[in-house]
Visitor: 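To start, I am sharing the structure in question, which I have written as structure tokens.
Labels below follow one simple rule: chain letters A, B, ... track the order of the sequence lines, proteins then strands, and each chain is numbered from 1. Just the heavy atoms: all of them, side chains too, but no hydrogens, waters or symmetry mates, feed the values below.
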2 protein chains.
Amino acid sequence: MRQEEDEFGNYLKKQGLKFTPERVVVLDKVLSFKKHFNADDLYESIHKYNKKISRATVYRTIPLLVESGLIIETLRCQGRVSYERVIGFEHHDHMVCLGCGKIIEFKDDRLEELQAEICERYEFKQVEHRLGIRGYCKECVAKGLGKG
Amino acid sequence: MRQEEDEFGNYLKKQGLKFTPERVVVLDKVLSFKKHFNADDLYESIHKYNKKISRATVYRTIPLLVESGLIIETLRCQGRVSYERVIGFEHHDHMVCLGCGKIIEFKDDRLEELQAEICERYEFKQVEHRLGIRGYCKECVAKGLGKG
DNA sequence: GGCATAATTGAGAATGAATATCAATCACAA
DNA sequence: TTGTGATTGATATTCATTCTCAATTATGCC
């Protein structure tokens, strides 16, 4: 059993919740994603090989995964919330293009350091953070979008 | 006419859009908010004294205000998106305490500069950004929350 | 001022992600 | 093994947001 299954199982037990096969299926699929996913991505990719897991179960499992710390909410795009894994992937931030919807991932150590410093100043114990920059990508600017 | 009306008017003109009385009403109400608001807050408070402005117009005007730089999307709670004014209020970011729900607002110029620099590197035209740090505040840490 | 025209509007319908309902089923502690 | 409360799938529902469309209007041009 993977470490993440242990973690999730422990979390559920601590909350008096059950570690069901359906939740394992959802967790395993989540662990297979290397990029962002939304609830529907998750449901569809599970549904391809497992017709038994319902959309409701997927939607119900997501907040549990967030609370257990295995995934975080990242972006909101076109009315949908995206999630991504926390453990096993490097943290990065996002730029979302308002023109074409493209997502650019970036990472900057100075940004991380600065945030850590700010948290220290406020005596705030950081668990996670989310930085989303919205605007227009190079290509969309070239097309004349986002002027002004 | 307020500076913000000029700004919004100029933005609209530049985009070939019209500066209608309805948009002025929405803008003026937005300017009256001192804290975050969501689309429904905005519609309801306009509707109290102006029954002519439709919900659709309010929803249609919000993205224009975002693109013009007068407001930004801030937080998403309970499935609703919140906005807040940019001009006239200093931009700030948020720390959200997972223990007590407290929201701490902070501002750091170096953070802003760094973001501008990163956008430049990617030739990305920033419209707005949102940084949310989640964790535990001083008081909650003292209470023993957020260990591990 | 008046005209042309494309943008905008209100009202209501439509969309669709997310949540709730509920009877049947199941995990898990004792 | 059993009791019990959590969970499930299927489906209905919710409700914020977006779309539709005919009527209206802002704005540039003469």
Visitor: Please state whether the phosphate of dT8(C), meaning OP1 or OP2, lies under 4.0 angstrom from any side-chain nitrogen or oxygen of R23(B).
Guide: yes
Visitor: Quick test of your reading of the model: are D6(B) and K13(B) salt-bridged, counting only N-O distances below 4.0 Å?
Guide: no
Visitor: Report yes if the side chains of E84(B) and F33(B) come closer than 4.5 Å at any heavy-atom pair, otherwise no.
Guide: no
Visitor: How close or far is atom P of dT18(D) from atom CG of L64(B), stated in whole angstroms?
Guide: 12 Å
Visitor: Between R60(B) and E22(B), is there a side-chain N and carboxylate O pair less than 4.0 Å apart?
Guide: no
Visitor: For DNA chain C, which residues in residues 38-54 of chain B have a heavy atom at a distance below 4.0 Å?
Guide: K52(B), I53(B), S54(B)
Visitor: Are more than 12 heavy atoms from other residues, nucleotides or ligands located less than 6.0 Å from atom NZ of K14(A)?
Guide: no
Visitor: Distances for protein N/O vs nucleotides 23-27 of chain D N/O pairs under 3.5 angstrom?
Guide:
| residue | atom | partner | partner atom | Å |
| --- | --- | --- | --- | --- |
| dA26(D) | N3 | K18(B) | NZ | 3.1 |
| dT27(D) | OP1 | F19(B) | N | 3.1 |

Visitor: Could you check Y59(B) against G16(A) and say which one's nearest nucleotide on DNA chain D is further toward the 5' end?
Guide: G16(A)
Visitor: Between R110(A) and E117(B), does at least one N-O distance fall below 4.0 Å, as a salt bridge requires?
Guide: yes
Visitor: CD of Q15(A) versus P of dG5(D): gap in Å, rounded?
Guide: 19 Å
Visitor: Look only at the side chain of D41(A) and the backbone of N38(A), and say whether a donor-acceptor pair between them is shorter than 3.5 Å.
Guide: yes
Visitor: Hey, does I133(B) have a side-chain heavy atom less than 4.5 Å from the side chain of F106(B)?
Guide: yes
Visitor: State, without any angle test, whether E105(A) and H36(A) hold a side-chain donor-acceptor pair at a distance under 3.5 Å.
Guide: yes
Visitor: Short question: side chain of R85(B), backbone of I71(B) - any donor-acceptor pair under 3.5 Å?
Guide: no
Visitor: What is the distance, rounded to the nearest whole Å, between atom CD1 of I62(A) and atom P of dA18(C)?
Guide: 8 Å
Visitor: Please give, in whole Å, the distance from dA20(C) P to R60(A) CZ?
Guide: 10 Å
Visitor: Charged N to carboxylate O under 4.0 angstrom, K125(A) versus E120(A)?
Guide: no
Visitor: Once pairs are restricted to Watson-Crick or G-U wobble with both distances under 3.5 Å, how does DNA chain C read as a dot-bracket string, [ ] for crossings and | for other-strand pairs?
Guide: ||||||||||||||||||||||||||||||
Visitor: Starting at OH of Y83(B) and ending at P of dA16(D), how long is that distance when rounded to a whole Å?
Guide: 13 Å
Visitor: Run V141(A) and E123(B) through side-chain contact (heavy atoms from CB on, under 4.5 Å) and show every step you take.
Guide: CA-CA 9 Å; V141(A) 169; E123(B) 298 180 53; over 6 Å; no
